[in-house]
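The next block holds one structure in the form of structure tokens; read it before the comments.
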Amino acid sequence: MAWANEDLKAHFEEIAELMEISEEDRYRVRAYQRAAEAIGVAHADLSTLPRGELTSVKGIGDSMAAKIAQYLDEGRIDLLEELRTKVPAGVRELTRVPGLGPKTAMMIHHELGVDSVESLQRAIDGQQLRHLPGLGAKMEEKLRGTIERMGAKSDDRTPAADALPIAEELCAGLAELSQAHRVAYAGSLRRMSETVGDIDVLVAAADAAPVHAALRTSDLVRQVLAAGQRKTSVITARGLQADLRVVDPDAWGAAMVYFTGSKAHNIRIRERAVRRGLTLNEYGLFERPAEGRAEAEPGSERADAEPGEGRAAAEPGDDRPAEEADAGAATGAMVASRDEADVYAALDLAWIAPTLREDTGEVEAAADGALPRIVTEADLCGDLHAHSDWSGDGKEPLESLTTAVASRGWQYWAVSDHAIGLPMNGLDAAGFARRREALAALGDAAGVVVLDSVELNIAEDGKLDFDDDILAEFDWCVAAVHTLLDRDEAAQTERVLQAIMSPHVNAIGHLTGRKIGKRPGFDIDLEAVLQACEETGTALEINGSPRRLDLREEDIRRALDAGVMLTIDTDAHTLGDLDNARWGALHAQRAWVTPDRVLNCQPVETVRAFVADKRERQG
DNA sequence: GCCGTTTTCGGCCCGACTGTTTTCAGTCG
């Protein structure tokens with residue numbers, strides 16, 4: 001049974017986009033955006049949820065529930081069909097061009113008949129845009145450049161693994177400036193999204209101008225997109241956009257909250273601020289002045305300050321000077337700003353880890369003191385999937401890996417070299433026997449337990465590299481699909497289920513075979529896999545390689561719900577790859593994983609008991 | 001269209017930058 005949420009989410013997103021293009025009421029548009037987000041992170045498959053419980057999902061009311069029900073019953077949503085006939089095909093595509101929003105896209109279509117990026121390009125070449133109201137030659141040139149950049153890449157998201165070194169390089173350069181008190185990257189990279197749209201860099205400095213100037217003229221920058229007093233946007237030499245904000249050191253905490261996001265999280269906590277008679281922006285948390293102009297009397301009743309009144313006063317029609325109307329940061333007394341924790345505390349919230357800031361219930365949990373104690377890299381006691389130079393693609397000897405593991409404070413690691421199923425790489429049974437002798441010779445000099453392990457290949461028919469009698473000699477077995485990734489869902493599910501049934505397979509490695517930004521991973525019936533894992537006592541791996549991060553976040557949530565044990569593994573092939581433990585833990589945090597659900601956050605005795613338990617159950 | 005540590009109705013986050021304007025709309029995050 002297919003998981004319906006992804007399709008539903010896409011449909012609600014399309015409704016929201018088409019409504020926005022149709023200039024529907026913006027709050028209605030946002031309701032659909034929020035519904036799409038809520039569906040995307042829902043733990044339950046909405047197609048299996050009793051219809052009456054749909055509205056128990058936050059952001060889903062009666063109207064949304066009816067549309068979900070119609071989709072599940074009929075495979076269509078009337079509202080969406082209607083919108084599709086109203087909004088010309090192609091206009092939605094136009095709004096994908098950065099800098100081109102719904103209003104302009106619709107106008108260009110209406111005036112020039114433009115209905116695709118290609119026809120937009122022709123209109124720009126023909127200098128037709130500059131004659132339209134509100135547009136000019138500069139806009140034409142800007143759009144031309146944007147379309148060129150779009151054409152170079154099929155996807156405008158960059159794997160975080162590629163963005164991080166660029167962000168660190170930018171930060172290191174800015175940190176050298178004498179004016180820079182603090183430098184950090186924020187945004188989706190700090191939240192550890194698996195892909196990022198841009199890099200957000202925050203600098204604390206009393207004098208912003210030299211910092212902005214330094215970025216504009218940096219060797220790392222190819223093109224300056226926007227240059228203001230507070231904000232600079234550039235395209236880096238490696239093609240990724242970076243945004244720089246410079247703030248006063250006293251505003252560091254509020255700025256980090258604002259710049260880390262997510263947008264949905266920011267909106268949630270800003271709404272919370274408004275309900276408390278406060279206003280939150282990147283400069284701090286402030287008291288909201290009554291009547292939108294006079295300063296609040298200290299200790300005055302906040303209840304009589306109408307929420308939104310200050311904002312309404314700045315709408316068109318307001319006759320006050322602009323600088324007074326939009327100087328929100330200067331109107332009320334400062335409540336908090338210096339550190340992130342101060343800002344959250346002033347909103348009666350515990351500090352929320354960046355990886356949780358997606359408006360998926362973390363604000364409510366922080367208010368209730370119910371935030372989970374999420375797993376960190378420091379909780380890991382060992383690694384249950386790493387390669388030595390005994391098999392073809394591992395680069396490092398057992399000795400140096402063991403020393404490195406010891407220096408990280410880990411108690412154990414599983415040397416999981418490939419076997420004969422991968423002929424280019426793997427060891428045969430005799431090879432593993434020789435490796436076993438080497439392991440014995442290694443002893444426990446470093447105080448680390450080295451588990452005798454193998455990464456088995458799951459063949460097309462679900463068979464493993466060795467028979468049970470050979471498998472029984474290993475301390476720990478990871479099994480994974482490495483070949484024939486193009487098989488259909490039924491076939492992939494069946495072969496993985498076969499592997500799970502083996503009494504000697506203790507974990508399934510990188511379940512879907514995805515490579516972020518390169519290949520999506522094959523389809524598999526996750527429900528069936530989870531059920532089999534739970535019944536047999538088999539763990540699922542969270543592969544910490546930043547190229548993989550496989551399981552996906554939503555799959556981890558479902559594994560937690562199904563009661564399946566997880567591992568967080570480095571899949572290291574080099575010493576440096578051991579740092580993947582950090583990526584794996586941060587990725588797991590996004591799914592709210594706690595240490596008790598991660599096998600390698602437990603002592604080695606627990607790992608051995610996990611192995612023994614399965615052999616007893618399945619043997 | 002959703003929702004309530006004020007509310008079942010009346011609200012709904014906030015600011016920066018650009019290009020085209022002479023006071024602002026559109027877009028973005």
Side-chain angles (χ1 to χ4, degrees), chain A residues 12 15-16 19-20 24-35 38 55 57-67 79 95 97-107 130 132-143 146 186-188 197-198 200 224-233 241 243-246 254-255 258-283 286 288 301-312 314-323 325-329 347-348 364 367-368:
Chain A
F12 277 77
I15 290 174
M19 276 186 163
E20 196 175 13
E24 284 275 354
D25 175 68
R26 61 190 163 130
Y27 297 114
R28 211 174 152 219
V29 172
R30 217 175 87 198
Y32 280 92
Q33 287 167 346
R34 281 193 161 173
T55 54
V57 178
K58 220 167 141 65
I60 306 295
D62 290 336
S63 170
M64 301 290 185
K67 290 176 178 71
L79 173 64
T95 64
V97 179
L100 191 54
K103 295 244 174 25
T104 313
M106 200 65 180
M107 192 262 290
R130 62 184 62 186
L132 298 179
L135 298 178
K138 275 193 167 178
M139 267 303 276
E140 272 180 357
E141 282 317 302
K142 203 171 166 178
L143 286 170
T146 304
S188 48
D198 63 10
D200 300 309
V224 177
L225 295 176
Q229 293 183 315
R230 295 177 166 84
K231 182 177 158 182
T232 298
S233 291
Q241 181 170 337
D243 294 337
L244 168 70
R245 267 319 257 279
V246 184
Y258 157 74
F259 224 23
T260 298
S262 67
K263 186 172 160 68
H265 174 86
N266 285 352
I267 290 174
R268 183 70 68 192
I269 60 176
R270 285 174 177 187
E271 286 172 348
R272 189 178 175 87
V274 169
R275 283 199 301 276
R276 279 148 203 270
L278 304 170
T279 184
L280 177 63
N281 58 31
E282 55 264 56
Y283 304 109
F286 301 90
R288 186 174 272 260
E301 291 271 313
R302 306 264 23 113
D304 60 12
E306 288 294 330
E309 189 159 329
R311 190 174 178 287
E315 293 280 315
D318 175 32
D319 55 8
R320 288 178 300 133
E323 53 277 21
D326 63 15
L347 294 169
D348 296 318
E364 293 81 354
D368 295 342

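Here is how names work: the chains are called A, B, and so on, in the same order as the sequence lines, proteins then strands, and each is numbered from 1. All values below were derived from every heavy atom in this structure, side-chain atoms included, with hydrogens, water molecules and symmetry-related copies excluded.
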What distance, rounded to whole Å, do you find between the two C1' atoms, one in B/dT23 and one in B/dG19? 14 Å
I'd like to know if A/K263 reaches the base of B/dG29 with its side chain, counting only an N/O donor and acceptor under 3.5 Å. yes
Say we look at B/dA16 and B/dC3: how far apart would their P atoms be, to the nearest angstrom? 31 Å
Can you check the A/L135 CG to B/dC24 C1' distance for me, whole Å? 15 Å
Between B/dG29, B/dT6, B/dC2, which nucleotide has the shortest distance from any of its atoms to the side chain of A/D198? B/dG29
Return the nearest nucleotide to the side chain of A/D243; candidates are B/dC13, B/dG29, B/dC3. B/dG29
Let me know which of A/E271, A/R272, A/R270 forms a side chain to side chain contact (heavy atoms under 4.5 Å, CB included) with A/L280. A/R270
Under 4.0 Å, heavy atoms only, any strand: does A/F259 hit a base, just the sugar-phosphate, or nothing? nothing
If I pick the P atom on B/dC12 and the same atom on B/dT6, what distance separates them, to the nearest angstrom? 15 Å
A/D200 side chain to A/A186 main-chain N or O, any donor-acceptor pair under 3.5 Å? no
A/D348 atom CG, neighbour heavy-atom count above 12 within 6.0 Å: yes
Would you say A/Y27 reaches B/dG1's phosphate, i.e. side-chain N/O to OP1/OP2 under 4.0 Å? no
So does A/R270 get a side-chain nitrogen or oxygen closer than 4.0 Å to the phosphate oxygens (OP1/OP2) of B/dC14? no
Measure from the side-chain heavy atoms of A/R275 and tell me the nearest of B/dT18, B/dT5, B/dG1. B/dT5
Would you kindly say whether A/S63 and A/K67 are connected by a side-chain donor-acceptor distance under 3.5 Å? yes
So what does A/I269 hit on the nucleic acid, given a heavy-atom distance under 4.0 Å: a base, only sugar-phosphate, or nothing? nothing
Rounded interatomic separation in angstrom, taking CG from A/L132 and P from B/dT20: 11 Å
As a test of reading the structure: which of B/dC2, B/dC17, B/dT18 is closest to the side chain of A/R230, going by heavy atoms? B/dC17
Where the side chain of A/K142 is concerned, which of B/dG19, B/dA16, B/dT7 is the nearest nucleotide? B/dG19
Can you tell me the distance, in whole Å, between the CG atom of A/L100 and the P atom of B/dT20? 14 Å
Looking only at the side chain of A/I267 (C-beta and beyond, no hydrogens), which of the listed nucleotides B/dG4, B/dG1, B/dC13 gets closest? B/dC13
Nearest-Å distance once atom P is located in both B/dA25 and B/dT21: 14 Å
Within the 4.0 Å heavy-atom criterion, would you say A/P102 contacts the bases, only the backbone, or no part of the nucleic acid? sugar-phosphate
Looking only at atom C1', what distance separates B/dT8 and B/dC2, rounded to whole Å? 12 Å
Whole-Å distance separating the CZ atom of A/R245 from the C1' atom of B/dC17: 10 Å
Return the 5'-most residue of the pair A/L280, A/M19 with respect to DNA chain B, ranking by each residue's nearest nucleotide. A/M19
Partner set under side chain to side chain donor-acceptor pair (under 3.5 Å) for A/E364, not counting sequence neighbours: none
Here the distance between atom C1' of B/dC2 and atom CZ of A/R28, to the nearest Å, is 12 Å
Select from A/A367 and A/R34 the residue whose nearest nucleotide in DNA chain B is closer to the 5' end of that strand. A/A367
Measure from the side-chain heavy atoms of A/P98 and tell me the nearest of B/dC28, B/dG1, B/dT18. B/dC28
Where the side chain of A/E140 meets the backbone of A/R130, is there a donor-acceptor pair that is under 3.5 Å apart? yes
Check the distance between B/dC17's P and A/L244's CG and give it to me in whole angstrom. 11 Å
Quick one: label A/R268 by what it contacts on the DNA or RNA (base, sugar-phosphate, nothing), any heavy atom closer than 4.0 Å. nothing
Below the 4.0 Å mark, does B/dC13 have OP1 or OP2 next to a side-chain nitrogen or oxygen of A/T279? no
State the pairing partner of B/dC12; accept Watson-Crick or G-U wobble contacts with both distances under 3.5 Å, and report none otherwise. B/dG1
Short side-chain N/O contact to B/dT27 OP1/OP2 from A/T104, under 4.0 Å: yes
Could you grab the distance from atom CG of A/L135 to atom CG of A/L100, nearest 0.5 Å is fine? 8.5 Å
Mind checking the C1' distance from B/dG29 to B/dC13? Whole angstroms is fine. 12 Å
With the side chain of A/K103 defined as its heavy atoms from C-beta on, choose the nearest nucleotide among B/dG1, B/dA16, B/dG26. B/dG26
How would you list, by chain and number, every residue that makes a side chain to side chain donor-acceptor pair (under 3.5 Å) with A/S188, sequence neighbours excluded? none
Any side-chain N or O of A/K67 below 4.0 angstrom from OP1/OP2 of B/dC2? no
Quick one: classify the glycosidic conformation of B/dT20 as syn or anti, with syn meaning within 90° of 0. anti
When we call it a touch if two heavy atoms are under 4.0 Å apart, what does A/A255 touch: a base, just sugar-phosphate, or nothing? nothing
Taking only the side-chain nitrogens and oxygens of A/Y258, find out if one of them lies under 4.0 Å from OP1 or OP2 of B/dC28. no
With a 4.0 Å cutoff (strictly under), does any side-chain N or O of A/N266 reach OP1 or OP2 of B/dC13? no
How many Å lie between CG on A/L278 and P on B/dT5, as a whole number? 15 Å
Counting the atoms with a prime plus P, OP1 and OP2 as sugar-phosphate, which does A/A35 contact under 4.0 Å by heavy atoms, base, sugar-phosphate, or nothing? nothing
Without decimals, in angstroms, what is the distance between A/Y283 OH and B/dC14 C1'? 10 Å
Please give the distance between the C1' atoms of B/dT27 and B/dT20 as a whole number of Å. 14 Å
Nearest listed nucleotide, side chain of A/N281, among B/dT20, B/dG1, B/dG15: B/dG15
Passing candidate, side chain to side chain contact (heavy atoms under 4.5 Å, CB included) with A/M19, options A/E24, A/Q33, A/R30: A/E24
